[in-house]
Amino acid sequence: MSEMRFQRIASLKTVEAFQNYAAKLGIHLPIDTKLEAGASSPLSKKAVWKHHPIGNRWCILPMEGWDGLEDGRPSDLTHRRWVRFGQSGAKLIWGGEAVAVRHEGRANPNQLWIREETKADFAALREGLVRAHKERFGRDDDLLVGLQLTHSGRFCRPNRKDRMEPKILYHHPILDSRFGIPREYPVLNDDEVRDLVSDFVTAARLASECGYSFVDIKHCHGYLGHEFLSAVDRPGPYGGTLENRTRFLREVVEGIRSTVRGLDLVVRLSAFDMIPFRKTETGRGVPETINGEYRHAFGCDPHEPIHPALNEAEKFLELLRDLDIDLFCITAGSPYYVPHIQRPALFPPSDGYSPPEDPLVGVARQLEVTARLKRKFPDLLLVGSGYTYLQEYLPHVAQAAVREAWTDFVGLGRMVLAYHDLPADVLENRPLKSSQLCRTFSDCTTAPRNGLVSGCFPFDPLYQDLPAAAELKAIKNRIRDAAR
Ligand SMILES: Cc1cc2nc3c(=O)[nH]c(=O)nc-3n(C[C@H](O)[C@H](O)[C@H](O)COP(=O)(O)O)c2cc1C
Ligand code: SF4
């Protein structure tokens with residue numbers, strides 16, 4: 001198996017061994033050899049954003065579980081996940097999970113969908129998280145909770161898990177054929193885009209009425225907001241220049257500001273991207289080839305489309321700073337066509353490919369990009385992503401990253417599905433429970449790709465006991481046999 005080329009993090013028995021391995025890979029990561037305890041730890045430092053106190057530097061990244069009810073309400077599994085986010089110890093909850101602003105924009109028939117009829121459930125979801133946090137940590141006045149709003153654009157599957165019903169902004173030279181979109185497939189017209197603006201504004205008002213302190217107008221991972229940013233060929237007011245490509249976002253911001261009082265706004269941004277990768281016969285991922293420049297990735301060098309280019313991401317941040325948006329979550333690419341840059345993993349999901357690089361290189365790339373943006377915009381607050389693959393050394397890198405101002409907050413995704421209160425253990429100076437560390441098996445991505453709920457099947461006992469666990473095992477066996 002090609003993943004065996006890479007040394008497993010668990011086999012690096014000391015921080016020094018981890019540092020040496022990073023050096024051998026030629027990557028630069030901030031790494032503290034000694035973890036600081038209590039109030040002196042950079043990770044315990046309080047922050048203030050606008051008028052909101054935030055009690056420490058851990059952030060829970062949004063993660064959906066493909067487990068909402070068909071009418072858009074959260075299920076018991078959803079409530080449990082949010083309660084665990086509350087118990088994590090992190091004081092910033094970046095949106096909980098992607099919540100659709102309209103039915104056709106759902107990424108799957110079980111994606112949450114906020115509307116008048118589901119409002120009470122969204123209030124309860126937040127309250128459950130806050131209550132669980134207060135019960136465990138004694139206070140909630142320094143906990144900040146927002147909601148991530150989304151339309152899944154090219155990756156909509158609102159009615160059936162196995163049927164894509166894309167809403168596209170332009171015809172993409174690679175993704176159209178990869179996902180079976182014919183040439184004559186309609187592109188969302190400008191009036192339809194304006195309708196979506198008003199959906200976001202309505203959803204934001206509802207989120208505010210449910211008690212969320214902010215909404216994230218999602219601009220990442222290949223979904224609609226992100227697709228606007230690469231709509232260089234789209235004619236009219238929403239494509240072409242960066243000004244036009246950000247018009248949708250600016251209209252959403254204006255609409256929310258003019259109708260919803262007291263709600264703050266943030267953006268999760270795929271700050272860089274790459275040309276889509278494909279799986280070769282050996283299972284390894286390689287970049288697609290294309291004649292000439294590749295211009296359809298935001299934050300990518302068109303001549304060498306596997307290298308980040310941050311000029312447009314920088315302009316994007318400037319533009320949003322002018323709109324008084326000053327808190328961003330930095331992420332990368334898309335889980336559909338470049339999963340290795342977005343959620344570095346040793347074991348690929350069923351629709352992925354074996355990692356084309358040591359996953360640690362992918363971690364370093366996300367950290368480095370966030371650090372470059374932080375250096376350029378010291379006045380903005382940034383949340384970094386992609387730390388989970390660090391495993392045993394996550395706290396050492398997280399502490400150094402905040403101490404050395406590579407980021408303001410350390411965002412955790414998969415790690416909290418596996419080990420939900422790792423931040424609390426670090427903050428309270430307890431040793432990590434190595435048996436709970438996410439080992440990047442990608443089951444939480446493989447399961448939903450095959451129509452099942454998502455969660456940490458290897459390490460979360462609740463998921464181990466679900467019927468979905470047996471189904472997932474059978475699916476993985478079939479995939480393994482087919483690859484032989
Ligand atoms: C099961 C799963 C669901 C996710 N759902 C979302 C989502 O709803 N919104 C979002 O912005 N990112 C989503 N992500 C991406 C994560 O927020 C995060 O960026 C990614 O997992 C990398 O961080 P990590 O290395 O800590 O896992 C999801 C990731 C996973 C594994
Ligand atoms: S299923 Fe669990 S161990 Fe595997 S990547 Fe997801 S969180 Fe990590």
Side-chain angles (χ1 to χ4, degrees), residues 10 58-68 78 81 84-85 88 90 93-100 106-108 110-112 146-150 152 155 216-223 225-226 266-271 329-336 339-349 352 359-360 362-363 365-367 370 383-391 394 397-398 410-420 422-423 435-449 452-464 468-469 472 476:
W58 292 104
C59 170
I60 303 302
L61 299 174
M63 272 177 299
E64 34 168 343
W66 287 257
D67 53 12
T78 326
R81 186 169 54 258
R84 283 159 71 91
F85 290 169
S88 67
I93 309 294
W94 192 282
E97 65 188 273
V99 172
R106 292 165 89 183
N108 62 81
N110 299 97
Q111 187 170 49
L112 300 188
L147 193 70
Q148 183 178 60
L149 299 182
T150 192
S152 293
F155 300 104
D216 166 21
I217 308 160
K218 184 174 187 180
H219 270 59
C220 57
H221 303 166
Y223 298 112
H226 188 208
V266 302
V267 174
R268 189 162 201 221
L269 172 71
S270 279
C329 183
I330 304 300
T331 175
S334 164
Y336 295 100
H340 74 286
I341 70 167
Q342 199 249 343
R343 39 186 96 157
L346 199 52
F347 304 94
L360 217 45
V363 175
R365 188 184 295 111
Q366 283 199 56
L367 264 65
T370 309
V383 177
S385 308
Y387 284 72
T388 286
Y389 185 74
L390 293 161
Q391 303 164 58
L394 195 161
V397 174
V410 171
L412 295 184
R414 291 162 296 175
M415 186 57 82
V416 288
L417 297 181
Y419 183 169
H420 79 286
L422 176 140
S435 63
Q436 288 184 26
L437 290 169
C438 166
R439 299 298 183 188
T440 67
F441 293 125
S442 291
D443 285 8
C444 52
T445 306
T446 294
R449 292 289 188 266
L452 304 173
V453 295
S454 174
C456 184
F457 289 88
F459 297 129
D460 182 338
L462 183 107
Y463 285 83
Q464 286 167 352
L472 179 63
K476 287 176 70 174

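In each ligand, atom 1 is the first atom listed, and ligand 1 is the first ligand listed. Note that the coordinates shown come from a computational prediction; the quantities given were computed from them, not determined experimentally.
Ligand 1 has no N or O atom lying under 3.5 Å from any N or O atom of Leu412, backbone or side chain. In terms of polar-atom proximity, Lys218 is counted as a contact of ligand 1, with an N or O under 3.5 Å from an N or O of the ligand. Looking at Thr445 next to ligand 1, no N or O pair under 3.5 Å apart turns up. Checking only distances, Ala98 does come within under 3.5 Å of ligand 1, N or O to N or O.
Evaluated by nearest non-hydrogen atom to atom 7 (S) of ligand 2, the leading choice among Gln436, Arg414, Gln391 is Arg414. If you check each of Gly386, Pro448, Pro62, Gly96 against atom 6 (C) of ligand 1, the one with the closest non-hydrogen atom is Pro62. When His221, His219, Arg268, Met415 are checked for heavy-atom proximity to atom 18 (C) of ligand 1, Arg268 turns out nearest.
Of all the heavy atoms of Trp66, the ones lying under 4.0 Å from any atom of ligand 1 belong exclusively to the side chain. Using a 4.0 Å cut-off between heavy atoms, Asp443 contacts ligand 2 through both its backbone and its side chain.
When hydrogens are left out, the protein atom nearest atom 5 (S) of ligand 2 is Ser442 N, 3.2 Å; that is the closest non-hydrogen contact. The nearest heavy-atom contact from the protein to atom 6 (Fe) of ligand 2 is Cys444 SG, 2.3 Å. Counting only heavy atoms of the protein, atom 2 (C) of ligand 1 lies nearest to Met63 CG, 3.9 Å. For atom 24 (P) of ligand 1, the closest non-hydrogen atom on the protein side is Thr388 OG1, 3.2 Å. Distance from atom 27 (O) of ligand 1 to its nearest protein heavy atom, with residue and atom name: Arg414 NE, 2.7 Å. Of the protein's heavy atoms, Cys438 SG, 2.3 Å lies nearest to atom 8 (Fe) of ligand 2.
The side-chain heavy atoms of Trp66 and Gln111, taken from C-beta on, include no pair separated by under 4.5 Å. Looking at Asp67 and Asn110, their side chains never come closer than 4.5 Å, going by heavy atoms from C-beta outward. Counting heavy atoms from C-beta outward, Leu360 and Leu390 have side chains that approach closer than 4.5 Å. Put simply, the side chain of Val383 reaches to within 4.5 Å of the side chain of Leu61, judged on heavy atoms. Arg81 places a side-chain heavy atom less than 4.5 Å from the side chain of Glu97. Between Thr331 and Gln342, some side-chain heavy-atom pair lies under the 4.5 Å cut-off. Annotation: side chain of Gln464 is not in contact with side chain of Phe457 (no heavy-atom distance under 4.5 Å). Residues His340 and Pro335 form no side-chain contact, since every pair of their non-hydrogen atoms from C-beta on lies 4.5 Å or further apart.
Side-chain atoms of Ser270 come within 3.5 Å of backbone atoms of Gly333 as a donor-acceptor pair (strictly under, hydrogens ignored). Thr446 places no side-chain N or O within 3.5 Å of a backbone atom of Asp443 that could act as its donor or acceptor partner.
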Just do the side-chain contact (heavy atoms from CB on, under 4.5 Å) check on Ser385 and Cys329 with the steps written out, would you? CA-CA 7 Å; Ser385 308; Cys329 183; 3.7 Å; yes
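For ligand 2, the atoms lying closer than 4.0 Å to a non-hydrogen atom of Phe459 are 3 (S). Remark: ligand 1 atoms within the under-4.0 Å shell around heavy atoms of Ser454 are 1 (C). Of all atoms in ligand 2, numbered sequentially from 1 with element shown, those under 4.0 Å from a heavy atom of Arg439 are 3 (S). Within ligand 1, counting atoms from 1 as listed, the ones closer than 4.0 Å to a heavy atom of Cys444 are 1 (C), 31 (C). Heavy-atom contacts of Gln148 reach the following atoms of ligand 1: 7 (C), 8 (O), 9 (N), 10 (C), 11 (O) (cutoff under 4.0 Å). Counting atoms of ligand 2 from 1 in the listed order, those under 4.0 Å from a heavy atom of Phe441 are 3 (S), 4 (Fe), 5 (S).
Judged purely by distance below 3.5 Å, without hydrogens or angles, the side chains of Arg343 and Thr445 pair a donor atom with an acceptor atom. Donor-acceptor pairing under 3.5 Å is lacking for the side chains of Arg268 and Gln148. Side-chain contact annotation: Thr150 with Arg106, donor-acceptor N/O pair under 3.5 Å absent.
Atom 6 (Fe) of ligand 2 has no N, O or S atom of Cys456 closer than 2.8 Å.
The shortest separation from a heavy atom of Tyr389 to ligand 1 is not under 4.0 Å, leaving the residue out of contact. Residue contacts with ligand 1 include Gln342, since one or more of its heavy atoms lies under 4.0 Å from the ligand. Under a 4.0 Å heavy-atom criterion, Trp94 is not in contact with ligand 1. Using a 4.0 Å cutoff on heavy atoms, Arg343 counts as a contact of ligand 1.
Taking the ring centroids of Phe155 and Tyr336, they lie under the 6.0 Å cut-off.
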